[in-house]
Structures are given as structure tokens and as C-alpha cells.
Amino acid sequence: MAEQQSITDLGFDPDALRAKYREERDKRIRADGNEQYFEVKGDFSHYVDDPYVESRIERQPLTDHVDVIVVGGGFGGLLTGARITEAGVGSIRIIEKGGDFGGTWYWNRYPGAACDVESYVYLPLCEELGFVPKEKYTHAPEILAHSRAIGEKFNLYEHACFQTEVEGMQWSEADQHWTVRTNRGDAMTANFVCMANGPLNRPKLPGIEGIDGYKGHTFHTSRWDYDYTGGGPAGGLSILAEKRVGVIGTGATVIQCVPHLARSAKELYVFQRTPSSVDVRANRPTDPEWAASLKPGWQQARMDNFNTLVSGGFADEDLVNDGWTEIIRNLASMVNFRGQALSPAEVAEKMELADFQKMEQIRSRAEQLVNDPDTAEALKPYYRQFCKRPCFNDEYLPAFNQPNVHLVDTQGRGIDKLTANGIVANGEEVELDCIIFATGFEVGTDYTRRSGYDLIGRDGLSLKAKWADGMRTLHGLQTRGFPNCFIVQSGQSGFTVSFPHAMNEQAKHIAYILGECAKAKAKVVEVTAEGEQAWVEEIIRMSRFSESYQSACTPGYYNNEGKPSLSSKQNGSYGAGPTKFFRLIRAWREEGSMQGLELR
Ligand code: NDP
């Protein structure tokens, strides 16, 4: 009776939901895990061609020397370049595959693309550039323009090499420098190298039957073909008015571009394997009065406030006050850690209930916004909120009320195959003029595979070999055997919901270390064996990696496609959270002895 009462109070039955979550996960689980996708190369390399450059830059191979080479011209590379420039420690060359700065925002120009974290927090260096974005969640063209403005402001165009891909780099102990080789025949050298390759930089395609036999038009969302669709990032895809379009995938990208495809295409078929959770967006233009009232230090304060709240901490006010901060506020208020002595099991139970409650709300949103009950039911996500990236959009779900929009729910199985004329799913063929792959990016494969090259450090050691059994670093940034090399990524470092926040802290840390090397007239900085070992042990000890949580999740790139492994503990980010990590590296800098590093 007591239990009945609690179910009535809650409005749902936790046991029934647990069973439903397991059932949905089991439908989706597959033995091949990450192997279901294949590396985009060879016959498929046109999927990663750059559709945005007007012409290829022709230049002679470079064999010159700069102080610092940064690989990647996205926010990671731009922030690293900016902070090193501010520290005044020498010449910087950014090497970038695309035709300009921007990284993710250079490539992802699909209609509707926008940042899903508040732009006042997400866009880096706003104060340094005296810039306030136009909207609370600003759209991709403004983010791309801001990337270029950072490049201009910090003079990063001067030595930059665009349309250039690194193919390998090698440390010379004799010369105490790195030689960087590229697909343009370059063999340039630098005292220091920084890898800022980005977390989601390699588009992936599903390894399904017939993928090479389809006769219609195809492209990946990160290389949008506006010549084929017409229109631009703001929509108006007029050429699709006569086309039957299929889009494979229902992740964060599709949530943003479906409303535009729905408006323009003659017929739109959305092939779904797992639905996303889609909450309210409520985007709005920036209030000019508010923008004019901002005081110096506003952006860092807002970033810190957001980061504290979304990593489970407490703050007196919630400056951003959106879906992200609400998720964590709900979880925290349910548990009300302050003043209560709860056992870890009680905390876990309360967190699960808060999660059920939130996801019930998300599921009821599908019911309210989608007229056809079967379609609404198929669009409901049955898993815990952080099994996948939470999405926010006000137009995605209502798009399924349009008569030209069809959800093809594959019940967790995915599409069966491609034929010459279209896609087969649930045993039925849908004939299509165009197939858009919204199948995401490589995650969970080797760091060197995702970067597209290996590094050869001291004594011929390769990074691939060194990290074969798990990442080994100090603070996630440096690894022994690879002197004067910094790696901007989230493993063994601070992970933030707003990615550029962590990159900014890493960039400041790199700039500090380079500054200290210059002061000490040291040519080489390298992690000590003890420093590295101690950090790896600390990462494992602090790990919050919960195998049971991860295993219970529907498969996806958050849990290595349903195969969480113990090396995830070692490769995970700092378990006490990003705020403590940033405090820790700041204290390390203030202490001043460069503990765990040797300078020579
Ligand atoms: P995702 O990896 O999130 O989604 C890929 C989609 O393809 C999933 O729905 C997946 O299904 C589906 N899929 C893969 N293989 C098949 C198949 N064989 N049959 C049917 N469906 C298949 O990629 P996205 O590009 O959507 O997003 C990647 C990340 O980029 C996001 O998680 C987010 O971090 C970031 N992003 C950020 C934005 C921002 O504003 N900051 C905006 C857009 C993206 P399943 O779920 O079952 O695996």
C-alpha cells in the first residue's frame, strides 16, 4: 500500500521504468560496438572534402622554424594561440585542415546550426574582443565570424597554414625541436607543439550493406551541400522542394536541422534508431540594455557560475538559468545534500528518481507537441538523461505534425541497408533522391586515429604505443617521452559542459609553462616519470566512472557504444569535477616549483 501511495505521488512507477529502460537498451545493444562505423577514407574520402573553399591555396612546401606550432584552428587552437600571444613567448603557427579558423563551426554549417550552451558562456574571449553575441543561443555564422575575429585580434593569421593536414611529427633530441610533416610536403620545425584537434573532428559513417551502391545524392551534415539543397544556414533550402530526402540519425545535429528540412523538402524521412531528449530552448535576441550594463569580468564570472551549477555545485544565483542549469538544479534539490547525511546508495536512489521525473517531463513534451500518438510514443526517450547529450529545440517535435514529414522508427535496430534507390528499414524500402548522413563523429577510437597522425617522441616512442593501454599524462596536457608537447583534450583533465571553458583553462596553463621555460632559459620541458605516475594514480583514485550507470545506458558515444571498459577510468576526466581541477592547476602554478615537470 505504502509503495502504491508513492507511485501515485510520483506519477510513475520506478520499477516499471527501470524495466522499460533495460528493454530499450537491449534492443539497441550490438556486438560490434564502435566497429559498426568505418573510418572515412579511400573511396569514401569525398565525404570529408571541404565544400566551403573556393579554390585550393597553392604554395611551396615550408621548411621554416617557428616557436610554437598549434595543430587545429578551432576554439582549442585559437585559445591556445591567444593565450600564448598574450604571454609574449614567441611566434605561433596554427595548422588547420579547413580553409579558415573555426573548427567545428567551420565544418558544421548545416541549416539551423547553433550553440546549445548559452552563447555568452560558450563563445570564448568575448570580453577580450568587446563582443556580445546577438542571441542567447547564437547561430553558427556568428560563431564562425567570431572565430575569425579572434584570429585577427591575436594576429594568428600571420603564420597560419590553412588547407593543410599534419601527417606526422617527430621530436629531435639533438636539435631539441619538433619536425612537423604535412600533406603539402612541409617539414617545418618548432620548439613546442600543441595538439588542439578537437573532440569531434572525424565524421563517421555506418558500415551498412549497400552504402557504396546508392545512386542518389549523399553528404554528411558536417559538409552540408548547399549547391544541392539551395538556401543557407538560415534555411530556405529551395532546391529540395522537388526532392524526397532521407536523413539518418536523430542526435543533436538532426534536432537542429530537421525543422529546416521539414519546411523545404517535398518529403522528409527521418530514420531513427534512438530518440534524443528534446527540451525547451526559448532562444531570444540579446537585450541591448543588458549588454551595455555588463561590467569588466562579466564573462569569466558567468562561465564560472554556469560551470559550478552544471557540475553539481552551489551558487547564490543562476545567471544562465536554462535547461542545462535546471537539470542539475533538479537533481541537487531532490537530493538536497546540504544538511542531510545520506548514504551513497540513498543519494544514488534519489538521483535516479529525479532523473525519472525529468525524463517523464521530456516524454510528456513529445505527447503534447506531436499529434499522432504512435509518432509521439516513438519519439520518447527511455534512458537516463546523461546517457546521451541532452538536446533543446522548440521546432523539432512539432515538425512531425507536417504531412510531408515521416518518422521511420527502427526500434533501436538502425537502418537495414542502402539500395541503388534508397534506404531499407524495418524491411521496407523508401525511395529517396538524397540521403543525408547525420551519423556523428568518431569518439572512443585511438587518439592518434582521430588526430589522423602519430607523434614520435624521444627514443622513437610513438604516442599510439605509449597510450595503447590507457592514457598517461600530467594534468591531461603533457606525457613523458614527448618533450615540449601539449595536448588539449579532456582525458585526465577537467571536463566542462561548455567545452571552450576547459580549453581556455588549458590554454592559460600552457602559456604559463611556456613563460616559465622562457624565464628559466630552458629549451626543454618534460613530465617526470614520478609526476606522470602520481597523476595517473590520482585520476584512477578520483574516478567517478560508474560502470553500472554506464552499462545501464542505451549505447552511444557516451558509453563507448555500450561497452564501457575499465580503461575508461584511466582515460576519464578528473573525477572531482572541473571546478576543483581548475583550482588544482591554478594552485600548482601559484606554488611555482613546476612539480612533476623537469626543465633542461
Ligand atoms: P550523434 O553521434 O549525436 O548522433 C548520430 C546519430 O546517428 C544517432 O542518432 C545515431 O543513433 C544515428 N545512427 C548511427 N548509425 C545509425 C544507423 N546505422 N542507423 C540509424 N541511425 C544511426 O551525432 P550529432 O552530429 O547529432 O552530434 C554529435 C555531437 O555534436 C553532439 O552530441 C554534441 O556534442 C555536438 N553538437 C553540438 C551542438 C552545439 O550546439 N554545441 C550542435 C550539434 C551537435 P543512436 O543514437 O542509436 O546511436
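Whatever order the structure lists them in is the order used to number ligands and atoms, beginning at 1.
- Of all the listed residues (C391, G412, A252, A438), A438 holds the heavy atom that lies closest to atom 6 (C) of ligand 1.
- Taking the six-membered ring for Trp and the full ring otherwise, the centers of H217 and Y228 sit less than 6.0 Å from each other.
- Interface of K388 with ligand 1, defined as ligand atoms under 4.0 Å from a residue heavy atom, comprises 45 (P), 46 (O), 48 (O).
- Counting heavy atoms under 4.0 Å from ligand 1, residue Y37 touches it through the side chain alone.
- Listed by atom number, the atoms of ligand 1 under 4.0 Å from P206 heavy atoms are 18 (N).
- Interface of T274 with ligand 1, defined as ligand atoms under 4.0 Å from a residue heavy atom, comprises 45 (P), 46 (O), 47 (O).
- Between F581 and Y574, the ring planes are tilted. Angles from 30° to 60° get that label.
- Between F306 and H501, the ring center distance fails the sub-6.0 Å criterion.
- For H406 and Y269, the gap between ring centers is short of 6.0 Å.
- Residue-to-ligand polar distances keep T221 apart from ligand 1: every N/O pair is separated by 3.5 Å or more.
- Atoms of ligand 1 lying under 4.0 Å from any heavy atom of F441, numbered from 1 in the order shown and given with element: 25 (O).
- For ligand 1 and I415, the ligand atoms under 4.0 Å from any heavy atom of the residue are 19 (N), 20 (C).
- Side-chain contact, Q272 with D409: a donor N or O sits under 3.5 Å from an acceptor N or O.
- Between W224 and Y226, the two ring planes are tilted [angle within 30° to 60°].
- Ligand 1 has no atom lying under 4.0 Å from any heavy atom of F392.
- Which parts of ligand 1 touch G414 is read off a 4.0 Å heavy-atom cut-off, strictly below it: atoms 19 (N), 20 (C).
- Distances from atom 45 (P) of ligand 1 to the heavy atoms of Q256, R413, R28 show the closest one on R28.
- The salt bridge (charged side-chain N to carboxylate O under 4.0 Å, His left out) test with R18 is passed by exactly one of E352, E23, E24: E352.
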